[in-house]
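Report on one structure; see the data block that follows.
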Number of protein chains: 4
Amino acid sequence: MENSKPVSKAALRRQREREQRYRTILDAAETLFARKGYQQTSMDEIADQAEVSVGTVYFYFKKKEDLLIALLKEIGFDIRKLLGTEFKKAEASMDGLKNAGLAYFKNFCLQYPEKISIFFRESVGQSQAVEKQRKRYLVQLTGDITDALIRIRNKRQISYASHLSEELMAVCIVGIYERVACHYLLWDDRSEDIMTVARDAVSFTLSGVEGLVDPPETAD
Amino acid sequence: MENSKPVSKAALRRQREREQRYRTILDAAETLFARKGYQQTSMDEIADQAEVSVGTVYFYFKKKEDLLIALLKEIGFDIRKLLGTEFKKAEASMDGLKNAGLAYFKNFCLQYPEKISIFFRESVGQSQAVEKQRKRYLVQLTGDITDALIRIRNKRQISYASHLSEELMAVCIVGIYERVACHYLLWDDRSEDIMTVARDAVSFTLSGVEGLVDPPETAD
Amino acid sequence: MENSKPVSKAALRRQREREQRYRTILDAAETLFARKGYQQTSMDEIADQAEVSVGTVYFYFKKKEDLLIALLKEIGFDIRKLLGTEFKKAEASMDGLKNAGLAYFKNFCLQYPEKISIFFRESVGQSQAVEKQRKRYLVQLTGDITDALIRIRNKRQISYASHLSEELMAVCIVGIYERVACHYLLWDDRSEDIMTVARDAVSFTLSGVEGLVDPPETAD
Amino acid sequence: MENSKPVSKAALRRQREREQRYRTILDAAETLFARKGYQQTSMDEIADQAEVSVGTVYFYFKKKEDLLIALLKEIGFDIRKLLGTEFKKAEASMDGLKNAGLAYFKNFCLQYPEKISIFFRESVGQSQAVEKQRKRYLVQLTGDITDALIRIRNKRQISYASHLSEELMAVCIVGIYERVACHYLLWDDRSEDIMTVARDAVSFTLSGVEGLVDPPETAD
DNA sequence: CATGAATGAGTCTTCATTCAT
DNA sequence: CATGAATGAAGACTCATTCAT
């Protein structure tokens with residue numbers, strides 16, 4: 001019994017250390033990809049920044065792409081979690097959509113502009129494998145929003161203009177939040193205006209959705 | 001008198017030939033960038049496709065980037081012309097916005113999906129120089145839409161939610177048209193649904209704009 | 001008779017123009033080779049500087065090397081002429097050697113530092129063909145000095161240390177004048193000190209020669 | 001205690017191997033630059049000759065220039081060491097100068113003609129960076145000789161013609177030894193005559209120096 | 001597991017030279 | 001003769017990836 005423990009303790013430490021290394025490397029990649037661009041960052045630089053050797057980077061990530069894909073996955077997951085939380089708080093109502101939008105700008109874009117840079121810029125126009133993953137995560141995101149819109153529709157007992165409308169709206173919403181973030185954070189750094197912008201963008205979104213409700217809710 | 005410019009004939013032909021070459025090369029680049037991706041296309045391949053030597057490609061374009069930037073410029077210009085035309089036809093009204101949106105999908109996206117690919121995908125995440133030009137052309141586009149919104153505002157004697165609203169709406173509209181095009185043409189090829197999607201996207205856009213009108217037009 | 005003249009007039013003009021072109025191009029090359037270096041100067045740049053087309057440059061000089069070789073020849077010839085004149089003025093005496101050295105610094109190095117740059121720097125370390133010509137002109141120069149030394153020897157009825165001495169001394173003299181010019185004109189621009197330097201260098205040279213006289217002139 | 005540095009063994013071997021590789025590559029470059037010329041030698045050829053890959057060459061030398069500069073440095077250092085040794089052996093006397101000259105021809109030029117080729121030919125007329133280093137090492141060499149001449153002057157309590165004389169003489173000496181080596185080893189291979197030539201060149205040098213002593217040593 | 005030297009395919013880019021007009 | 005667009009071989013350099021220690 002006793003000597004089964006020491007092993008597991010060491011093993012646990014190892015496990016912990018390995019996870020730390022993984023994180024360190026991924027963080028290094030995130031920092032550099034955001035600062036210099038994916039193409040302009042070499043594996044050596046990432047190893048340097050993470051204070052490990054190239055070999056070690058390759059132990060955790062088989063290819064350079066994998067770093068980008070892992071980041072993509074993490075960021076996609078974070079955004080979905082954020083939205084999911086807000087959708088849940090205000091179950092199946094337009095408020096969920098509204099709060100999710102505001103939270104995205106306030107708690108995500110402003111906090112982690114480098115993640116925006118990676119998700120919406122550095123991961124675009126790279127290899128096919130990256131594009132595939134990028135599509136996967138953005139489609140999931142779109143799916144989440146589509147689902148939320150469907151729940152809202154069901155609850156409000158309304159229908160939308162066409163059978164494609166829910167998904168289309170979700171796509172529009174993603175497009176808005178993508179471009180607004182890029183425009184006001186990556187191109188012009190207007191961080192101080194971001195919440196004004198956010199409110200307008202959310203308004204735009206909500207009105208856009210309402211505009212596709214069909215037939216209009218008849219207040220009888 | 002006429003033969004006082006004997007140069008012109010030969011010179012004109014040369015000029016014409018030069019322009020043709022330029023076009024041939026740019027077309028080759030467009031095709032390949034859209035098909036294989038910017039990074040994955042080598043200058044030799046472009047030369048091959050254009051049926052000239054690498055040297056000739058470099059005679060017309062000093063660097064590989066310059067090909068992408070030239071394409072960016074052309075495409076940006078084409079989109080602006082399309083929108084400008086529609087805005088002018090329905091002077092300062094929401095119809096202009098509507099028709100411009102529909103025309104974009106019908107007369108641009110469907111006709112030249114490869115241009116969409118270059119403008120919204122292949123030119124992203126490349127070098128700084130490309131990003132700079134990309135920003136330039138997208139900001140111009142946003143400016144055009146902003147101006148149109150301002151003209152509409154003036155004509156209707158309304159105002160919008162905040163001092164940033166016009167620009168913000170323009171950014172949203174660009175985001176929508178970008179993402180919708182990518183989603184339905186590059187990711188899923190749902191060309192046949194595109195006009196349904198387009199109508200919904202336009203509706204979404206118009207409602208979005210209306211939603212930011214403030215104070216609401218008083219129905220007297 | 002009469003109509004044989006017009007032809008020859010035009011022909012003469014042509015001839016003159018051709019020679020002017022040749023000069024213009026060679027001057028352009030000289031300027032650029034001295035300013036930017038032979039390797040760093042392209043044929044296009046030379047054409048530009050000479051205000052002609054590349055094709056024209058190639059009409060007068062079949063290869064890029066030929067420009068350098070032509071310059072080498074000219075410069076070599078100029079130096080030999082300068083030395084020859086001084087040698088002749090002070091027939092077969094050490095004064096000839098002295099005056100030639102002073103004239104070299106005063107009337108050549110100071111006037112045409114760019115020729116020094118080409119003769120002693122830009123034409124070194126290039127292709128085999130250039131090296132061959134460079135050797136040819138420097139060997140001629142050495143030969144001239146050797147001959148002068150032999151004439152002096154004969155006149156003074158002396159002999160030198162070994163059968164190789166005359167040539168060796170000439171080689172030394174060429175080496176001195178080469179390095180001094182490079183050192184004080186191309187590396188440090190100490191043009192204002194050049195005549196002091198020149199006097200010392202000439203003294204050094206003359207003493208060097210005297211030192212190899214053997215047996216020493218017995219002052220009886 | 002001993003095994004507190006278990007790294008050292010493996011690390012030392014690595015260090016040694018690295019240095020060997022560095023040498024192998026530099027030797028390959030030296031051989032090829034001397035045989036074919038700097039310009040005419042490609043990095044691939046150097047890699048081939050050194051039996052490594054191009055990548056490895058670039059691992060040790062960031063640019064092609066760096067190979068030449070490293071060679072320049074080594075050769076410059078070797079020559080200075082040789083001279084320094086002779087100067088020291090015959091402290092502050094003309095014998096030092098004499099022996100240094102003879103040693104240069106006997107122990108350097110004859111042994112390593114390829115180094116002469118690189119130092120005095122292949123490194124001339126290349127890029128600015130190379131020229132800069134070349135100047136640096138030749139100026140150091142000149143400085144060494146200048147210092148020796150000053151020490152001799154002090155010991156003998158004499159002075160030279162002008163305040164520039166020491167440096168000027170050093171420049172002359174460098175010029176002589178440069179040109180003589182090139183003339184009799186690179187242009188005509190007269191290796192068998194080299195020691196005769198050397199003696200004459202040394203005589204020339206010594207007399208040259210004496211000639212600039214001023215006022216002449218008073219024969220008491 | 002970590003290291004970092006080694007690999008070499010791949011690419012952009014340059015530029016001397018040619019030749020049809 | 002002059003022009004300048006076209007050629008394409010050649011070469012420097014990069015960097016993702018591997019692997020022996």
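Keep in mind the model is a prediction, meaning the values are calculated, not measured. A note on names: the letters A, B, ... follow the listed sequences, proteins ahead of strands, and every chain is numbered from 1.
With A:Thr56 contributing its side chain and A:Val52 its backbone, the two residues share no donor-acceptor pair below 3.5 Å. With B:Lys115 contributing its side chain and B:Glu74 its backbone, the two residues share no donor-acceptor pair below 3.5 Å. No donor-acceptor pair closer than 3.5 Å links the side chain of D:Thr24 to the backbone N or O of D:Ala50. For the pair A:Arg134 (side chain) and A:Phe119 (backbone), a donor-acceptor distance under 3.5 Å is present.
Listed by first and then second residue, the salt bridge (charged side-chain N to carboxylate O under 4.0 Å, His left out) pairs involving residues 116-127 of chain A are A:Arg121-B:Glu131 (not counting sequence neighbours). The ring pair (Phe, Tyr, Trp, His ring centres under 6.0 Å) analysis of residues 38-75 of chain C, with sequence neighbours excluded, yields the pairs C:Tyr22-C:Phe61, C:Phe33-C:Tyr38.
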*asked:* Expected output check: what is the dot-bracket annotation of DNA chain E, where ( ) and [ ] are pairs inside the strand (brackets for crossing ones), | is paired with another strand, and pairs are Watson-Crick or G-U under 3.5 Å?
replied: .||||||||||||||||||||
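Checking A:Glu45 against A:Gln49 by side-chain atom types alone, no donor-acceptor pair falls below 3.5 Å. Checking D:Arg23 against D:Gln20 by side-chain atom types alone, no donor-acceptor pair falls below 3.5 Å. Remark: the B:Gln126 side chain and the B:Gln39 side chain contain an N/O donor-acceptor pair separated by less than 3.5 Å.
Residues D:Glu17 and B:Lys62 both approach DNA chain E. Their nearest nucleotides, taken by heavy-atom distance, put D:Glu17 toward the 5′ side.
More than 12 non-hydrogen atoms from other residues, nucleotides or ligands lie less than 6.0 angstrom from NZ of C:Lys36. The neighbour count for A:Glu17 CD, taken as heavy atoms of other residues, nucleotides or ligands under 6.0 Å away, is above 12.
With values rounded to the nearest 0.5 angstrom, B:Gln133 atom CD is found 5.0 Å from B:Ile69 atom CD1. Here CD of A:Glu30 is found 5.5 Å from CD1 of A:Ile75. Values are rounded to the nearest 0.5 Å.
If you check residues 63-73 of chain C against DNA chain E, the residues with a heavy atom closer than 4.0 Å are C:Lys63, C:Lys64, listed by number. Non-hydrogen atoms lying under 4.0 Å from DNA chain E are contributed by A:Arg21, A:Val52, all within residues 21-52 of chain A.
Closest contact between the side chain of A:Val54 and the listed nucleotides E:dA6, E:dA5, E:dA2 involves E:dA5.
Between B:Thr56 and F:dA6 there is no side-chain polar atom (N or O) within less than 4.0 angstrom of OP1 or OP2.
Per the geometry, CZ belonging to B:Phe59 stands 9 Å off P belonging to F:dG4, to the nearest Å. Between D:Gln15 atom CD and E:dT3 atom P there is a gap of 18 Å when expressed in whole angstrom units.
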Got a list of protein N/O to nucleotides 19-21 of chain F N/O distances below 3.5 Å?
from: F:dT21; atom 1: O3'; to: D:Arg13; atom 2: NH2; distance (Å): 2.8

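Counting any heavy atom pair closer than 4.0 Å across all strands shown, D:Phe61 reaches no nucleic acid atom.
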